[in-house]
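Down below is the structure, laid out as structure tokens.
All residue numbers refer to positions in the sequence shown, counting from 1.
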Amino acid sequence: MWNDILTWLERHARSRYVRMMEEEVARLRAENRALVNSLLGTAGFPPIALDDEVRRGPVAMSPVRRRTWTQIAREREVAAGKSVIRES
């Protein structure tokens with residue numbers, strides 16, 4: 001009973017926009033799973049079941065770290081210096 005009340009409260013406490021975005025994510029995941037299963041079937045592999053995704057759990061996306069051009073240039077310079085030292 002308490003779970004039902006908490007579920008109802010949680011569902012109605014969220015804004016419509018958040019609910020809409022969560023539904024869109026669920027739809028896109030289902031579509032993605034269907035496309036992957038189609039490709040796997042074409043390649044001759046067994047499809048991914050929904051149970052596999054539930055067992056694996058939600059996948060957390062790591063934040064993308066964007067480097068500046070100066071950081072990239074410094075990294076290339078260090079790599080070039082290391083390769084010169086190895087060749088000597």
Side-chain angles (χ1 to χ4, degrees):
M1 179 178 156
W2 287 108
N3 274 344
D4 295 337
I5 293 172
L6 289 176
T7 303
W8 181 86
L9 184 62
E10 184 179 280
R11 192 176 332 131
H12 290 297
R14 292 183 183 160
S15 69
R16 286 188 325 194
Y17 180 74
V18 171
R19 279 194 308 248
M20 182 186 70
M21 295 304 291
E22 288 175 345
E23 291 169 0
E24 182 71 10
V25 166
R27 184 189 68 78
L28 289 172
R29 285 186 184 186
E31 183 178 336
N32 189 28
R33 184 172 48 266
L35 289 170
V36 167
N37 284 339
S38 173
L39 289 173
L40 287 174
T42 303
F45 290 96
I48 298 174
L50 183 59
D51 298 338
D52 295 341
E53 287 186 14
V54 171
R55 186 175 61 241
R56 191 175 55 205
V59 178
M61 293 182 62
S62 61
V64 176
R65 182 175 172 262
R66 303 189 78 171
R67 297 180 296 167
T68 63
W69 284 109
T70 54
Q71 290 173 325
I72 294 170
R74 191 177 313 128
E75 184 178 323
R76 288 180 179 172
E77 185 178 342
V78 168
K82 286 181 182 179
S83 67
V84 169
I85 292 172
R86 287 183 195 150
E87 291 175 4
S88 300

Measuring from Asn32:CG to Arg27:CZ, what's the distance to the nearest 0.5 Å?
11.0 Å
Rounded to the nearest 0.5 Å, how far apart are CG of Leu40 and CZ of Arg33?
12.5 Å
Not counting sequence neighbours, which residues clear side-chain hydrogen bond (donor to acceptor under 3.5 Å, both in side chains) with Glu23? List them please.
none
When you check the gap from the basic side-chain N to the acidic O, do Glu77 and Arg74 get nearer than 4.0 Å?
no
Listed by chain and number, what are the ring pair (Phe, Tyr, Trp, His ring centres under 6.0 Å) partners of Trp8, not counting sequence neighbours?
His12
Please check: side-chain N/O of Ser38 versus main-chain N/O of Ala34, any donor-acceptor pairing under 3.5 Å?
no
Check whether Gln71 reaches the backbone of Thr68 with its side chain - one donor and one acceptor, N or O, closer than 3.5 Å.
yes
One pair to check against side chain to side chain contact (heavy atoms under 4.5 Å, CB included): Met21 and Val25. What are the steps and the verdict?
CA-CA 6 Å; Met21 295 304 291; Val25 166; 5.6 Å; no
